[in-house]
*Asks:* 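The structure's right below; bear with me while I get my questions together.
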Number of protein chains: 2
Amino acid sequence: MKKYKQRKDLKNKPKAPTLIDVARVAGVSPITVSRALNQPDMVSEKAREKVQKAVEKTGYLPNLVAGGLATRSSHLVALIVPTVANPIFAETVRAINETLAEYGYQALLGLSGYNRDQEQDLLEAILCRRPDGIILTGLDHTDISLRRLHASQIPIVETWDLGDDPVDALVGFSHYDVGKEMAAYLLGRGYQRFAAVTADDSRAAKRLEGFTDHLAEAGIKHVPTNVIQTPARFSRGRSAFGTLLDQGVKCDAVYCSSDTLAHGVITEALSRGLRVPEDVAVIGFGDLDFAEASLPSISSVKINGADIGRVAAQALVAKMTADDNDPPPQTLVDVGFSIMQRDSA
Amino acid sequence: MKKYKQRKDLKNKPKAPTLIDVARVAGVSPITVSRALNQPDMVSEKAREKVQKAVEKTGYLPNLVAGGLATRSSHLVALIVPTVANPIFAETVRAINETLAEYGYQALLGLSGYNRDQEQDLLEAILCRRPDGIILTGLDHTDISLRRLHASQIPIVETWDLGDDPVDALVGFSHYDVGKEMAAYLLGRGYQRFAAVTADDSRAAKRLEGFTDHLAEAGIKHVPTNVIQTPARFSRGRSAFGTLLDQGVKCDAVYCSSDTLAHGVITEALSRGLRVPEDVAVIGFGDLDFAEASLPSISSVKINGADIGRVAAQALVAKMTADDNDPPPQTLVDVGFSIMQRDSA
DNA sequence: TGGCCTTTTGTAATCGGTCTCAAAGTGGTA
DNA sequence: TACCACTTTGAGACCGATTACAAAAGGCCA
């Protein structure tokens with residue numbers, strides 16, 4: 001029997017057992033071990049058993065770095081989100097992780113902090129790891145990022161937005177439409193003087209634009225707005241509304257770019273003796289867990305973040321596993337949204 | 001000049017440029033390219049420039065999979081947390097990501113869902129990627145996980161807990177002590193009849209144990225407790241307290257295993273016409289953003305999640321970059337905690 | 001110009017797997 | 001027994017980088 005070369009213990013460093021170690025213990029060739037583990041049908045019952053025993057005896061765990069190099073597929077998916085501090089993304093991250101795991105992929109997490117340049121740096125670092133797929137948040141990337149993405153030939157899914165010119169697949173909804181519908185909703189409930197508290201990220205900006213555009217069509221041109229820095233926080237919402245009130249802004253409804261901000265706005269209103277919604281109505285976005293159970297409950301826009309994650313991950317898997325014979329469909333999914341009427345507006 | 005072998009376009013698949021492509025364009029050998037990029041000092045000015053130009057021309061991005069195989073270091077760090085839905089972990093995840101990025105490491109995210117078996121599966125998948133380091137949440141792992149961790153010889157940092165028998169490094173605080181101090185705090189404020197709303201994860205259980213132990217020492221043996229499923233949510237806290245009240249539980253202070261639950265408990269109390277803290281006091285844990293700004297503001301236990309993340313990541317980097325000459329110190333960091341007195345208790 | 005040391009460049013082997021293709025083993029049929 | 005088809009196994013090249021070591025180039029002095 002041929003002896004497979006034993007790895008020399010470089011620098012005395014004890015290393016994890018390799019396929020060759022397993023092969024030696026099992027008394028077969030390395031390639032047989034590889035096949036026994038990855039394509040059991042190609043190997044005889046007897047060989048499979050020998051390999052199985054050797055694997056257990058050595059405590060062998062395959063080295064996916066080496067395997068990935070050979071197969072040119074890392075089974076790694078890059079996942080870039082602005083933040084996980086916002087529960088709405090947390091849910092998407094969870095769903096993506098879960099769905100990818102089902103198909104044997106692992107997520108490489110990157111946090112862009114709502115910043116295109118940071119996203120670009122992240123993307124560069126991540127492309128060096130040769131992921132099999134990439135999931136991005138939003139459509140707003142630097143030119144360099146776009147060029148790299150296109151050049152990389154890697155399947156990509158953009159999420160949490162909808163637009164004309166996705167890099168590849170797209171799973172999301174129209175923020176502009178959300179804004180318009182929020183305006184229509186508030187107008188429909190009879191409110192007439194509006195203020196806005198919004199975070200300064202690009203998607204929130206699109207919603208605000210839809211909101212003010214729709215109001216403008218209804219003849220309302222002026223919407224006092226306080227833009228706060230991301231990430232949106234309860235305390236920032238509270239102080240932002242306080243500032244507006246201190247500036248003498250009069251309004252009967254406040255548009256907020258997230259429930260977190262809405263919650264803060266409501267708290268500030270209540271602390272000043274304003275009744276919600278009688279004196280001032282408040283509407284948020286995201287339909288976070290607390291929106292329904294707060295006092296008063298918060299009117300909001302429900303987005304199914306888990307859905308986005310699941311659909312995005314599935315679309316990506318479809319692309320990653322597609323071969324030339326059956327190319328995957330061009331994916332563009334509008335997951336929609338729905339306005340949740342509650343007590344606050 | 002020697003011609004470096006051109007990679008054949010296997011299956012017509014256009015592939016990313018490799019080091020060899022760059023070498024050919026630059027008119028030098030592959031190893032010179034490698035050195036120009038990684039150890040610029042070892043290469044002449046002229047060669048460096050040629051390589052630089054060739055890199056730009058080809059749009060070359062190094063393949064860290066191949067590099068990792070050769071150097072036996074992936075520059076990948078496995079990060080396993082129960083969930084990112086809980087903002088308290090989100091902050092740690094952010095800090096870890098940020099700190100690791102500074103040192104050129106990338107985080108591989110795994111969500112264990114507060115479940116040891118799920119953590120074990122995740123760990124197996126992740127060890128196959130040969131991370132340079134591992135950051136875990138908590139000390140509670142399956143036997144198989146522990147065996148694998150020890151066998152792997154990979155630097156490990158456990159976080160968010162403190163205990164006698166860490167696998168390697170440990171950065172956290174004592175949950176038992178937190179529970180005791182919460183009890184002491186409430187007793188000190190004159191409360192006498194207690195109830196508890198707690199999530200069913202192992203660290204929350206330790207806090208509750210500390211809480212009830214301390215009360216027992218003070219002669220209070222009975223603490224009606226409602227244990228809710230993870231993840232803790234506002235709505236679950238609200239309904240959990242509602243259930244306790246419906247069962248006729250009388251109490252003047254409610255212990256909650258998180259601010260999220262506390263917030264729900266307070267809301268339920270207010271909705272039933274109970275005044276907080278006059279009729280019932282509530283204390284939470286985590287000092288989340290909204291605790292300070294809520295109405296009433298929520299007494300809580302402040303943990304610096306970002307600190308934990310930063311310190312843990314730094315400790316891990318120290319271990320990963322240590323050589324045999326100067327081994328890193330055995331790390332065991334107690335980041336402590338502090339009780340934040342607010343209006344709710 | 002020659003000799004020696006230092007800097008720079010290059011060749012070959014290696015990391016731990018998988019792929020290709022050929023060889024060996026198996027079984028059925030003539 | 002000989003032949004053929006099919007299953008199972010293995011040898012060797014390869015993935016894209018890095019490491020070890022050797023060769024070439026450059027600098028300095030006699």
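What you are looking at is a predicted structure, and each value in this text was computed from that prediction instead of being measured.
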*Asks:* Give each protein N/O atom lying under 3.5 Å from an N/O atom of nucleotides 7-9 of chain D, with the pair distance.
*Replies:*
residue: dT9(D); atom: OP1; partner: Ser44(A); partner atom: OG; Å: 2.9
residue: dT9(D); atom: OP2; partner: Ser44(A); partner atom: N; Å: 3.1

*Asks:* CD/Glu158(A) to CD1/Ile156(A) distance, rounded to the nearest 0.5 angstrom?
*Replies:* 7.0 Å
*Asks:* Does Val157(A) offer a backbone N or O that forms a donor-acceptor pair with the side chain of Asp168(A) under 3.5 Å?
*Replies:* no
*Asks:* Can you tell me the distance, in whole Å, between the CG atom of Leu19(A) and the P atom of dG16(C)?
*Replies:* 11 Å
*Asks:* Do Glu49(A) and Lys53(A) meet the salt-bridge criterion of a basic N to acidic O distance under 4.0 Å?
*Replies:* no
*Asks:* Indicate yes or no for a side-chain donor-acceptor contact from Asp21(B) to the backbone of Thr18(B) under 3.5 Å, with no hydrogens or angles considered.
*Replies:* yes
*Asks:* Check for a donor-acceptor pair, side chain of Arg129(A) on one end and backbone N or O of Ser74(B) on the other, with a separation under 3.5 Å.
*Replies:* yes
*Asks:* Side chain of Thr71(A) only, please: which of dA17(D), dT18(C), dG16(C) is the nearest?
*Replies:*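 Of the candidates, dT18(C) comes closest.
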*Asks:* Expressed as a whole number of angstroms, how long is the span from Asp21(A):CG to dG16(C):C1'?
*Replies:* 10 Å
*Asks:* Between P on dC15(D) and CG on Asp132(A), what's the gap in Å once rounded to a whole number?
*Replies:* 18 Å
*Asks:* To the nearest Å, how far apart are Arg130(A) CZ and dG16(D) P?
*Replies:* 9 Å
*Asks:* Check the orientation of His75(A) and Tyr105(A). Use parallel for under 30°, tilted for 30 to 60°, and perpendicular for over 60°.
*Replies:*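 Ring orientation, 0 to 90° scale: parallel.
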*Asks:* Just report the end-to-end axis angle for the helix from dT1(C)-dA30(D) to dA30(C)-dT1(D), five pairs per end, to 10 degrees.
*Replies:*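 For the helix from dT1(C)-dA30(D) to dA30(C)-dT1(D), the axes at either end differ by 50°.
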*Asks:* How many Å lie between CD1 on Ile20(B) and C1' on dG10(C), as a whole number?
*Replies:*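 In whole Å, dG10(C) C1' lies 14 Å from Ile20(B) CD1.
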*Asks:* Counting only side-chain N and O atoms of Asn38(B), is one of them less than 4.0 Å from OP1 or OP2 of dT18(D)?
*Replies:* yes
*Asks:* When the distance from CG of Leu37(B) to P of dG16(D) is rounded to whole Å, what number comes out?
*Replies:* 16 Å
*Asks:* Check the distance between dT8(C)'s C1' and Arg48(B)'s CZ and give it to me in whole angstrom.
*Replies:*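 Whole-Å distance recorded here is 12 Å.
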*Asks:* Is Thr58(B) reaching over with its side chain to a backbone N or O of Val22(B), donor-acceptor style, under 3.5 angstrom?
*Replies:*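 Checked: no pair found.
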*Asks:* Pick one: which of Glu119(B), Arg148(B), Gln120(B) meets side-chain hydrogen bond (donor to acceptor under 3.5 Å, both in side chains) with His141(B)?
*Replies:*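 Of all the options given, the one that passes is Glu119(B).
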*Asks:* Provide, to the nearest angstrom, the distance between the CG atom belonging to Asn63(A) and the C1' atom belonging to dC15(D).
*Replies:*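 So the CG-C1' distance, Asn63(A) to dC15(D), works out to 13 Å.
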*Asks:* May I ask you to test the Arg35(A)-Val51(A) pair for a side-chain heavy-atom distance under 4.5 Å?
*Replies:*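 No, side chains not in contact.
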